[in-house]
There are 2 protein chains.
Amino acid sequence: MRTTVKDVAKAVGLSTTTVSLVLNNKPNRIPEATRKLVLKAAKELNYRPNHIAVSMVTKKTHTIGLILPDISNLYFSELAKVIEEQCHKYGYNVLYGNTNGTLEHEFEYLNLFVDRSVDAIIMTVSSNYSEKEVNRLYEIAETNNVPIMMVDRALDDPRFMSVLLDQKLGGFLATSYLINLGHKKIACITGPKDLRISIERLEGYKSALEDAGLPFDRSLVIEGDFSVDSGSRALSYILGQNATAVFSLNDMMAIGVYRECRRYHLNIPQDLSIVGFDDIFIDEFLEPPLSTIAQPVQEIGKYAVKKMMSVLEEKKNLCTDAGNTKIFKPALKVRGSAIKFMEKKQI
Amino acid sequence: MRTTVKDVAKAVGLSTTTVSLVLNNKPNRIPEATRKLVLKAAKELNYRPNHIAVSMVTKKTHTIGLILPDISNLYFSELAKVIEEQCHKYGYNVLYGNTNGTLEHEFEYLNLFVDRSVDAIIMTVSSNYSEKEVNRLYEIAETNNVPIMMVDRALDDPRFMSVLLDQKLGGFLATSYLINLGHKKIACITGPKDLRISIERLEGYKSALEDAGLPFDRSLVIEGDFSVDSGSRALSYILGQNATAVFSLNDMMAIGVYRECRRYHLNIPQDLSIVGFDDIFIDEFLEPPLSTIAQPVQEIGKYAVKKMMSVLEEKKNLCTDAGNTKIFKPALKVRGSAIKFMEKKQI
DNA sequence: TAAGGTTGGTAAAATGTTTTACTAAACTAG
DNA sequence: CTAGTTTAGTAAAACATTTTACCAACCTTA
């Protein structure tokens, strides 16, 4: 059995109050002699505070809930890792929940976690929230007095902190790069089309086109679902539109395109240039290495928990303050999957 | 503020005892009328039990601690996902800790988690434990009365449950495959050489060689550290030994070999056949797709938590019963990275 | 020497539940 | 009508802490 404060108190013949006072070294006038005595006994008995009991009275669990769509996804597993690492540094533990991108699961974990009195929640919402759901979310935050932070994907609501990526800029960067290589017919494989990040990345695509004086051709965009398979499925359509380059809204789908190209004996980048989005680990090991838009995951994760910790310390009103959206800038990472456009067919 | 049992009790004019009794529907003689009344009030007030307080009295947190070396590693992130998923099914939440493979971190999280009264711990040890450490581990398990399960990598101690892979068989399968393709000089890139899985996989390699009447040549094995870079570094040595095939003890290092081959303009599998170990997600998207040894991660994860749940329910003596090691069989997954041996140089 | 201050503590409440042991009222049987 | 039994419920303890409010005993000081 574990040693309790009572055991320590008994061992030194003092009250639990005294023991607790020195163990938490409260600014109380406790003479050095007693202090040492208690400390020694605690160490000898290998006393470790029962965290549950502490939480019961302090109302703090030093736990944060992390809710992500899919931890087996490379981007999220890396994010999870940084977040856990950082929380650990601050003395916090993380309870983890996987939603598979469904709204029910999101709320399920939200409730589970507040029932367990987590001090804060960091989540990435994967579905689209109606106003009703946003309110439901806010109510949970409020009645439990728990700050909620959105990471990677925002809710269109100023009441929640968010740390995001400038998705539009990413789309712009990727597309401009292909344009500068001389491509005129650039296809785009999107994610689910009413998902915020799909929309924003696509906006970047459009605006790059516009900046270059190129027309936006709706028939060049095809909807995917961020999975490898949906990338594969998109290829034949793209080819049918005579596109010479593709901007894939994530790397997974780009990998799907790679796979399908192999089946058709097409070469990347000679037959088709492609740039992805996310910069997942494997990109550099593909043949050819995939050029992509890199998100600063490390920074995002670090910033998110740092910010959360400061909120937790200052105990300021948790959700409802403005200026609590931080936006990180993505960067183009050039590798080998795109090449200057050449008028092959004419040759 | 959250509603408490007290609030509910006050609302219906009954004692907290009664409320608790119906809410946990204990087999108590509580008339249907009262029962309904309480339930209705609880629903109306949106009552949800405070898990901390419940844990305080029941001594159960319905939380399990998951300690892994590196969740951004594809294999572990998938494992983590299954485990979380399964735990969730049983009504358990998971506290997650990342050790980066260091002993200090392993014990740190172990202590952190028992302080938080997790009901059980599932971990993969990544360092080598001396007897002292095994005892220390056992002591933690015992004084906290918390069952510990080793997954993927075992401790050489029957006191802990483990669910493992038959690593030796994996090594045997991979090597036999290369032998059957006609290769005689098969190199092996190992992990850190005193790590259990390195040793076991290497044993499989040796035994396949022996079965085929091939000599074991120490100069054909080179130590890596399971990282991509260490795979890359191994290549030139391997080539120097005139090996025609390589068995890489994990896929990451195989990827390193791929990368280095590209630098030297060598073709896989024409110039070098290779088979890896782990079957991580990206294997099928490499060029050529990597043949490897597949671990049944899903089954492993499912079995691990199922077993743990049964232990938790039966409350039998937790660590110390024999026959609590389950070994899963790996399988060879043939893709395109190995080919029949041809006497090129002679041609 | 008595009033006031300081020193070194402690008892008890509080946290939100579950659970044990008890009881008052109503009912039943003889 | 009374003794026993069932019904419907409750008070209080317990869980392991922290924290508040208090108190003796000793020391100053005038």
Using whole Å, report how far [atom1] of [X] lies from [atom2] of [N].
X: L45(A); N: dA16(D); atom1: CG; atom2: C1'; answer: 16 Å
X: L21(A); N: dT18(D); atom1: CG; atom2: P; answer: 9 Å
X: R48(A); N: dA16(D); atom1: CZ; atom2: C1'; answer: 16 Å
X: I52(A); N: dT18(D); atom1: CD1; atom2: C1'; answer: 16 Å
X: R35(A); N: dT7(C); atom1: CZ; atom2: P; answer: 16 Å
X: N24(B); N: dT19(C); atom1: CG; atom2: P; answer: 7 Å
X: D7(A); N: dA16(D); atom1: CG; atom2: P; answer: 9 Å
X: M56(B); N: dT18(C); atom1: CE; atom2: P; answer: 13 Å

OP1, OP2 of [N] versus side-chain N and O of [X]: anything below 4.0 Å?
X: K59(A); N: dA14(C); answer: no
X: T34(B); N: dG9(D); answer: yes
X: K26(A); N: dT19(D); answer: yes
X: S20(A); N: dT17(D); answer: no
X: N50(A); N: dC15(D); answer: no
X: Y47(B); N: dT17(C); answer: yes
X: S15(B); N: dG9(D); answer: no

Of the options [options], whose atoms approach the side-chain atoms of [X] most closely?
X: V54(B); options: dG9(D), dT18(C), dT17(D); value: dT18(C)
X: T17(B); options: dT20(C), dT17(D), dG9(C); value: dT20(C)
X: V57(A); options: dG9(C), dA8(D), dT18(D); value: dT18(D)
X: V5(B); options: dT17(C), dG9(C), dT18(D); value: dT17(C)
X: T58(A); options: dA16(D), dT18(D), dT17(C); value: dT18(D)

For nucleotides 24-26 of chain D, print each protein N/O atom paired with a nucleotide N/O atom at under 3.5 Å, atom names and distance only.
none

Distance-only, no hydrogens or angles: does the E106(B) side chain make a donor-acceptor pair with backbone N or O of V125(B) under 3.5 Å?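 Looks like no, no N/O pair under 3.5 Å.
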Okay, side chain of R116(B), backbone of T61(A): is any donor-acceptor separation there less than 3.5 Å?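 Present.
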So does E131(A) have more than 12 non-hydrogen atoms from other groups sitting under 6.0 Å from CD?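 Counting other residues, nucleotides and ligands, CD of E131(A) stays at 12 neighbours or fewer.
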Under 6.0 Å between ring centres, would you say that holds for H88(B) and Y109(A)?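 Distance test on ring centres: under 6.0 Å, yes.
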Could you check whether Y129(B) and F107(B) have their ring centres less than 6.0 Å apart?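 Aromatic pair counts; centres sit under 6.0 Å.
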L68(A) vs T99(A) side-chain heavy atoms within contact, under 4.5 Å: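 Sidechains of T99(A) and L68(A): no contact.
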Do NZ/NE/NH1/NH2 and the carboxylate oxygens of D152(A) and R196(A) come within less than 4.0 Å?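 Looking at D152(A) and R196(A), the cut-off is not met.
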Is there a donor in the side chain of E133(B) and an acceptor in the side chain of S130(B), or the other way round, less than 3.5 Å apart?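 Side chains of E133(B) and S130(B): pair found under 3.5 Å.
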Identify whether any heavy atom of L14(B) sits under 4.0 Å from a base atom; if not, whether one sits that close to sugar-phosphate; answer base, sugar-phosphate or nothing.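 The answer is sugar-phosphate, as L14(B) gets under 4.0 Å only of primed atoms, P, OP1 or OP2.
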